[in-house]
Each structure stands twice: as structure tokens, then as C-alpha cells.
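In what follows, chains carry the letters A, B, and so on, assigned in the order in which the sequence lines appear, proteins first and then strands, with residues in each chain numbered from 1.
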2 protein chains.
Amino acid sequence: MASSARRRVLLRDVAEHAGVSSATASLVLGGRDVRVSEDTRQRILRAARELDYRPNLMARSLRTQVSSTIGLVADTIITGHYGGDIIRGALTASLEHGHRLLICESEGDPKLEPVLVDDLVARQVDGILFTTASHDVVELPAALADQRVVLVNCEAGPGVPSVVPDEVEGGRAAARLLTDAGHREGIVLVGETLTRKLPAQRRLEGLLAGLAAAGTGFADRIDCAWWPEAGFDALTEALASGLRPRALVCLNDRIALGAYQALAAAGLSVPGDVSVVSFDDSELASWLRPTLSTIALPEFDMGRTAVDLLLGDDPPAGVVLVPMPVRERASVAPPSSR
Amino acid sequence: MASSARRRVLLRDVAEHAGVSSATASLVLGGRDVRVSEDTRQRILRAARELDYRPNLMARSLRTQVSSTIGLVADTIITGHYGGDIIRGALTASLEHGHRLLICESEGDPKLEPVLVDDLVARQVDGILFTTASHDVVELPAALADQRVVLVNCEAGPGVPSVVPDEVEGGRAAARLLTDAGHREGIVLVGETLTRKLPAQRRLEGLLAGLAAAGTGFADRIDCAWWPEAGFDALTEALASGLRPRALVCLNDRIALGAYQALAAAGLSVPGDVSVVSFDDSELASWLRPTLSTIALPEFDMGRTAVDLLLGDDPPAGVVLVPMPVRERASVAPPSSR
DNA sequence: TTGAAAGCGCTACCAT
DNA sequence: ATGGTAGCGCTTTCAA
């Protein structure tokens with residue numbers, strides 16, 4: 001028999017096959033098998049198996065007003081190779097909750113955001129995750145006002161549930177990595193320091209607090225953008241004009257890559273001459289030689305936490321901080337005696 | 001008036017407000033506004049605007065049997081920081097088609113695949129994209145047999161629509177990068193060469209063809225896994241035992257990173273002493289110093305193409321090859337005279 | 001313990 | 001040109 005395009009099997013088919021009403025079949029197959037004799041229960045189950053019945057979740061959702069679907073709207077989170085693990089964490093948690101993820105990207109076009117949100121709402125999602133590639137303060141799209149929503153990696157007004165990395169404590173941890181190794185002098189910051197970007201501000205705040213706790217501070221600050229080339233150029237120039245750092249705190253791994261390149265070009269070794277710590281724990285960190293000690297962005301955890309909160313019964317009325325794990329690798333050593 | 005949780009406004013509300021039947025309202029708001037007087041049309045549109053009506057897409061889909069949703073099941077595509085752009089391409093194309101993407105990851109657990117597929121089917125997706133992080137031959141989950149499906153970055157039996165990179169031509173292009181610069185001798189392959197992995201096999205095939213076309217071939221082959229450290233170790237050892245390559249073909253960018261590190265450690269410069277070409281065009285390629293000439297994995301295009309084919313009227317009965325763009329950067333120079 | 005029937009919110013047919 | 005009505009496939013009273 002040619003397996004031609006046969007009609008999908010419906011609940012009613014199963015019921016018929018088992019000689020019961022579709023109401024009873026629904027009861028059994030929906031798992032709420034109270035008030036049904038074991039005999040009919042088995043008959044229904046077997047019928048479903050024999051006919052290879054799969055419920056139409058769309059119809060079920062329309063009836064129950066529960067779609068078991070979460071909407072996720074991001075700006076450029078997959079694009080940038082940043083934030084991908086937020087999605088993975090959300091994916092994993094969603095799976096555990098029996099939910100599926102409806103994902104969209106606004107591609108950085110703010111006009112698109114409300115459109116996407118509206119569409120998700122129209123599709124009856126049970127909740128919405130709103131997330132950005134870089135930790136920032138955002139204006140919440142008005143369409144989200146009435147919705148169950150959790151922000152991820154961004155923050156809005158007070159009372160809006162959001163999940164972000166604990167950058168300040170991360171900064172402290174980074175400082176500790178250096179001070180615990182004995183560093184007190186020649187500690188230099190490399191990164192965008194005169195910015196309103198949250199990660200920069202808060203990491204810096206934590207760093208200053210951490211260094212102060214050990215009775216020290218930055219010997220110097222090198223301002224540069226968040227990219228390898230910027231880090232290379234800025235540090236190369238600083239080195240050329242006589243700077244001799246004993247330890248570098250790079251505001252992210254990409255800058256650290258640039259710093260490694262600049263140090264190598266100047267004939268300085270890591271960590272023999274200069275220790276380096278950084279932030280993010282991107283793949284890069286374990287690829288560099290020596291491997292890079294860095295404070296990890298807890299993306300996976302953030303995604304997972306956000307879903308748990310979104311689906312939980314009392315979403316937090318404000319910001320939830322997720323700890324940034326310390327990845328101790330090979331780029332830190334005690335200061336060389338000179 | 002406190003904006004308390006008021007009932008969602010329905011099509012019937014709009015109809016009532018405009019003094020027409022819901023049938024007419026549906027016609028107008030559905031865009032098929034033939035056979036309706038301009039006057040009532042305007043009334044309905046205005047009513048919808050005033051009441052801020054949003055159709056329930058779930059209900060619409062149930063009725064029309066079209067969900068304007070695409071399911072995407074991946075293995076570890078977001079995890080691995082590989083394949084993320086496939087998703088982005090699919091996202092962009094979906095948006096253009098007015099579709100949304102329901103994304104799931106099997107997290108490498110093959111048992112999960114049919115479960116996820118079944119769930120997507122139950123949710124009435126209009127089609128399914130099945131994709132893997134690394135280009136491979138896969139066994140198509142049985143549940144996909146009756147479905148409209150396009151494979152991305154993987155291939156199954158004959159007749160199954162799938163979209164993959166044109167690795168062979170990519171290999172040719174890589175060879176050309178070197179031979180065009182004048183290289184004929186001391187060209188060494190670095191990568192996993194004794195493998196059944198499709199990218200390795202086909203890139204190699206293209207490389208051999210390309211080199212042969214210029215009357216040359218590989219002077220040597222260094223076997224190593226697809227990671228920076230493996231590349232570093234393997235090349236370091238080869239260099240130590242006297243190998244003096246004039247050009248390296250690395251089977252991907254990560255290996256190229258390891259190769260850069262090994263060459264630097266051996267005091268060899270790129271491209272002065274040794275030219276390097278590679279595959280993938282990951283972010284890394286533009287971060288290295290000198291920047292790396294590499295044959296790009298056309299992930300975005302693959303994702304976009306797959307969606308177009310999935311939603312088009314005649315899905316291809318087999319493999320569609322997407323060209324791998326050449327990214328010419330700074331890691332290739334004419335062979336040094338020695 | 002089971003079944004009949006109503007209805008989730010929408011579209012599409014067939015009247016008028 | 002417009003409206004009544006019958007579903008899409010399921011769950012959920014309510015009655016038997």
C-alpha cells in the first residue's frame with residue numbers, strides 16, 4: 001500500500017477506534033485519567049498507539065489558553081557571537097518546562113521590536129524574554145507593558161524583572177586574582193573606561209573596590225574600544241611611550257587578545273613579565289597561549305534563570321544578579337622581582 | 001481609569017463596534033478586502049484601531065491550517081559558536097516571509113530528535129529545518145519523513161532537500177589563493193586528513209584538484225584535530241623535526257590560530273616566511289595578526305536559502321551547494337626567495 | 001464511569 | 001455588498 005498523504009488522525013478517530021466518546025479519550029490522553037475505568041483507559045491508550053495519534057497542540061492551546069510557548073526577542077544576540085549561550089540556557093530550561101521557544105531578532109532596528117512583540121502576543125505566547133547582546137539599560141517596548149516578561153542582559157525601570165550578570169562582584173573577583181598573586185604595583189586597566197556602558201562602569205567599580213581592599217589601585221588606564229585591534233594599538237602605543245605594566249586588567253577577552261599581541265610584539269612574556277586578567281570567558285580565553293584567566297559571563301545561567309523566573313509563580317520585581325564565575329588559567333603569576 | 005486587566009478585544013468586538021458582522025470584519029482585517037464598500041471598510045479599520053485589536057493567530061491558524069511558523073531543530077548549533085549565523089540567516093528570511101521560527105536543540109542527544117520533531121509537527125509548523133553544527137551525513141528522523149523539510153549543513157539519502165557549503169570549490173579557491181601568489185613548493189596541509197568528515201574530505205578534494213591544476217601538490221601533511229592546541233602541538237613538532245613549509249593550508253581557522261602560535265614560537269613570520277590560508281572565516285580570522293586569508297563558511301546564506309526553499313513551491317530533490325566566499329586578507333605573500 | 005454539547009477565536013462557505 | 005452559520009481539533013462543563 002503506497003503511503004499516500006493520509007489524513008492526520010484526530011482525537012475523534014482514536015475515540016471511535018476505542019469505542020468511547022472523544023471526551024473520555026481526551027481525559028485519558030490528557031493525563032487527567034481520574035474517573036475512568038482501567039479497562040477503557042487501556043483501550044484508549046492502545047488505540048492511540050495503533051493509530052499513531054498526535055494531538056494538535058494548536059487546537060489544544062486555543063481551548064486551554066496556554067500555548068506552552070515562550071517568545072524571545074533579541075537585538076543581535078545570535079549575530080554577534082555574543083549571547084548565544086543565553087539562548088542555549090533558555091532553550092534548555094524551556095525544554096525542562098515542556099515549553100518551546102519562539103525566537104526573533106530585531107536586527108538592531110528599534111522599529112521592529114514592537115512589531116515582533118505584538119506578533120508574539122498574537123501567537124499567544126505564555127511569556128516573553130527580552131534580551132540584548134550587550135548589558136545595557138533599555139526602554140521597554142510599550143507592547144510589553146501588559147505582558148509577562150523578563151529582561152535578560154538588560155535593565156529597564158524599577159520593578160521590571162530582569163536577569164543580569166553581577167558585574168561589580170565580577171570586577172572584585174578580577175582584582176582578587178591579581179592581588180592574591182601578590183600584585184600591588186603597575187596594575188594597568190585596558191578598556192573603554194570613559195563610557196556609560198554598564199559592563200564597563202560596574203566592572204570598574206568592582207575592580208576599584210577590590211584593589212582598594214588590598215591597599216592599591218590602578219597605576220594607569222589605557223582607553224580603548226572593545227576590540228582586539230583597538231587593544232593592540234592602544235597598548236602598543238603605551239608601551240612605546242615607556243609604560244612598563246606588571247599586570248593588565250582587560251575589560252574583555254577581545255581586548256586581551258590585542259594585549260597579548262602587543263606584549264608579544266614588544267618582547268614581553270605572559271605571565272613572566274606581565275600578568276593578564278580579563279572578562280567574558282569567550283572561547284578565545286582557552287585558546288590563547290598562555291590560556292587566559294578571566295571572569296566568565298554567565299550567559300547560560302542567565303538564560304536558564306530567566307526562563308525559570310518567567311514561568312515561576314512570582315516573577316521578581318527588579319534585577320536579579322547572576323554571579324560571574326572565575327576561570328583561573330595560566331595568565332597570572334606573582335610579580336617578577338625587578 | 002485604572003488600566004485593569006481588561007479582556008482581550010476580539011474580532012466580534014470590532015465588528016460590533018463598527019456595526020457589521022464578524023464575517024465582514026474578518027474579510028477586511030484579513031486583507032482580502034474585495035467585495036466590501038469603501039465606507040464599511042473604513043469603519044472596520046477605524047474600529048480595530050480604536051479598540052487596539054490584535055487577531056489571535058492561534059485561532060486563525062487552527063482555522064486556516066497555516067501557522068506561519070517554521071520549526072528548526074539543531075544539534076548543538078548555538079552551543080558551539082558554530083552555525084549561529086545559519087540561524088540568523090533563517091531568522092532574516094523567515095521575517096521576510098512573515099514567518100516565525102520555533103527553535104530547538106537536541107543538545108546532541110539523538111533520542112531527543114524525534115521527540116522535538118513530533119512536538120513541532122504537533123504545533124502545526126509549516127515546515128522544518130534540520131541542521132547540524134558540522135557538515136555531516138545524517139540519518140533523517142523517521143518523524144520527518146512525511147514532513148516538508150530542508151536539511152541545513154547536513155545531507156541524508158538521495159532526494160532529500162538539503163543546503164550545504166560547496167566545500168570542494170572552496171578547497172579549489174584556497175589552493176588558488178596560494179598558487180596565484182606563486183607558491184608551488186613547500187605547501188603543507190594542516191588538519192584532520194584521515195577522517196570521514198565531509199568538510200575535511202571535500203576541502204581536501206578541492207585542494208588537491210586546485211594544486212594539481214597549477215602543477216603542484218602538498219609537500220607534506222600534518223594530521224591534527226580541529227582545535228588550536230592540536231594545531232599548535234602538531235606544527236611545533238613538525239617544525240622541530242626539520243619541516244620548513246613555505247605555505248600552510250589549515251583546514252579551519254582554529255587550527256590556523258594554533259599554527260600562528262607555533263610559527264611565532266619558532267621565530268617564523270607570517271606571511272614573510274610562511275603564508276597561511278584557512279577555512280571558515282570565523283571572527284578569529286580578522287582578529288589575528290596578520291589578518292587571516294580564509295574561505296568563508298556561508299552560514300548566513302545557507303540559513304536564508306534553506307528557508308526560501310522550504311517555503312518555496314518546489315523544494316529541490318537533493319543537495320543545493322552554497323558557494324564559499326573567499327576572504328583575502330594579509331596572511332598570503334609570494335614565496336620568499338631562499 | 002461515561003457521553004453530549006458548548007465553545008476557544010477565527011475564516012469561509014452559502015445565502016441574501 | 002453583507003451576514004448567518006458551520007466548522008478547524010481540542011477541552012470541559014454538565015447531565016446521565
Side-chain angles (χ1 to χ4, degrees), chain A residues 6-45 47-48 51-69 118-126, chain B residues 6-45 47-48 51-69 118-126:
Chain A
R6 59 189 178 286
R7 195 174 56 78
R8 282 210 55 170
V9 13
L10 308 180
L11 181 62
R12 112 166 46 98
D13 300 320
V14 176
E16 200 171 318
H17 197 80
V20 297
S21 76
S22 61
T24 308
S26 168
L27 233 53
V28 169
L29 296 174
R32 295 171 307 301
D33 31 14
V34 264
R35 316 180 309 141
V36 171
S37 77
E38 186 56 23
D39 178 52
T40 43
R41 215 181 84 81
Q42 291 305 337
R43 276 207 327 278
I44 293 168
L45 255 20
L51 299 181
D52 190 27
Y53 168 69
R54 335 276 186 87
N56 180 326
L57 294 187
M58 205 121 217
R60 172 182 293 174
S61 297
L62 180 60
R63 183 61 236 243
T64 60
Q65 307 284 37
V66 176
S67 65
S68 58
T69 298
D118 282 351
D119 181 86
L120 290 173
V121 172
R123 288 167 192 268
Q124 312 293 110
V125 294
D126 297 337
Chain B
R6 60 190 177 286
R7 197 173 56 75
R8 283 210 54 170
V9 11
L10 309 180
L11 180 62
R12 106 165 51 97
D13 299 320
V14 176
E16 200 172 319
H17 196 81
V20 298
S21 77
S22 59
T24 307
S26 170
L27 232 53
V28 170
L29 296 174
R32 295 170 307 300
D33 31 14
V34 264
R35 314 181 311 140
V36 171
S37 77
E38 187 56 24
D39 176 52
T40 42
R41 217 181 82 82
Q42 292 305 337
R43 278 211 322 283
I44 292 168
L45 256 20
L51 299 181
D52 190 28
Y53 168 70
R54 334 277 185 87
N56 180 327
L57 294 187
M58 206 121 217
R60 173 182 293 173
S61 297
L62 181 60
R63 182 63 237 241
T64 59
Q65 306 286 36
V66 176
S67 65
S68 59
T69 298
D118 282 350
D119 182 86
L120 290 173
V121 172
R123 288 167 193 269
Q124 311 293 108
V125 294
D126 297 337

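With hydrogens and angles ignored, the 3.5 Å screen pairs no side-chain donor or acceptor of Arg60(A) with any backbone N or O of Gly30(A). Remark: the backbone N or O of Ser22(B) is not paired with any side-chain donor or acceptor of Ser26(B) at under 3.5 angstrom.
Note on Ser61(B): nothing from the nucleic acid sits closer than 4.0 angstrom, heavy atoms only. Counting any heavy atom pair closer than 4.0 Å across all strands shown, Ser26(A) reaches a base atom.
Taking 4.0 angstrom as the limit, Ser37(B) places a side-chain polar atom (N or O) nearer than this to OP1 or OP2 of dT2(D). For dA4(C), the OP1/OP2 oxygens have no side-chain nitrogen or oxygen of Ser21(A) closer than 4.0 Å. OP1 or OP2 of dG9(C) lies within a sub-4.0 Å distance of a side-chain N or O belonging to Gln65(A). Between dG9(C) and Tyr53(B), no contact under 4.0 Å exists linking OP1 or OP2 to a side-chain N or O. For dC8(D), the OP1/OP2 oxygens have no side-chain nitrogen or oxygen of Thr64(B) closer than 4.0 Å.
Nucleotide dT11(C) holds its C1' atom 10 Å from the CG atom of Leu62(B), rounded to whole Å. Straight-line distance from the CG atom of Leu10(A) to the C1' atom of dG7(D): 13 Å, rounded to whole Å. The distance from atom CG of Leu11(B) to atom P of dG3(D) is 12 Å, rounded to the nearest whole Å. Rounding to whole angstrom units, CZ of residue Arg41(A) and P of dT1(C) are separated by 13 Å. Whole-Å rounding puts the Leu29(A) CG to dG9(D) C1' distance at 13 Å. One interatomic measurement links the two molecules: CZ of Arg12(B) to P of dG4(D), which rounds to 14 Å at whole-angstrom precision. With rounding to whole Å, Arg63(A) atom CZ is found 10 Å from dG9(C) atom P. For the pair Met58(B) CE and dC10(D) C1', the interatomic distance rounds to 12 Å; values are reported in whole Å.
Taking every side-chain heavy atom of Asn56(A) into account, dG9(D) is the closest of dG9(D), dT12(D), dA6(D). The Ala59(A) side chain lies nearest to dG9(D) when the options are dG9(D), dC8(C), dT2(D). Checking dG9(C), dT11(D), dG3(C) against every side-chain atom of Arg60(A), the shortest atom distance belongs to dT11(D). The side chain of Pro55(B) lies closest to dC10(C) when the candidates are dT2(C), dC10(C), dC8(C).
Residue Gly19(A) comes nearest to Arg43(A) through the heavy atom pair O-NH2, 4.0 Å, listed as atom of the first residue, atom of the second, then distance.
Remark on DNA chain D: of its neighbouring residues Val20(B) and Arg54(A), the 5'-side contact belongs to Val20(B), judged by nearest-heavy-atom nucleotide.
Side-chain contact between Gln124(A) and Arg8(B) is present, with at least one heavy-atom pair separated by less than 4.5 Å.
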### Task
Could you walk me through whether Arg54(A) and Asp52(A) pass salt bridge (Lys or Arg N to Asp or Glu O under 4.0 Å), step by step?
CA-CA 7 Å; Arg54(A) 335 276 186 87; Asp52(A) 190 27; 3.1 Å; yes
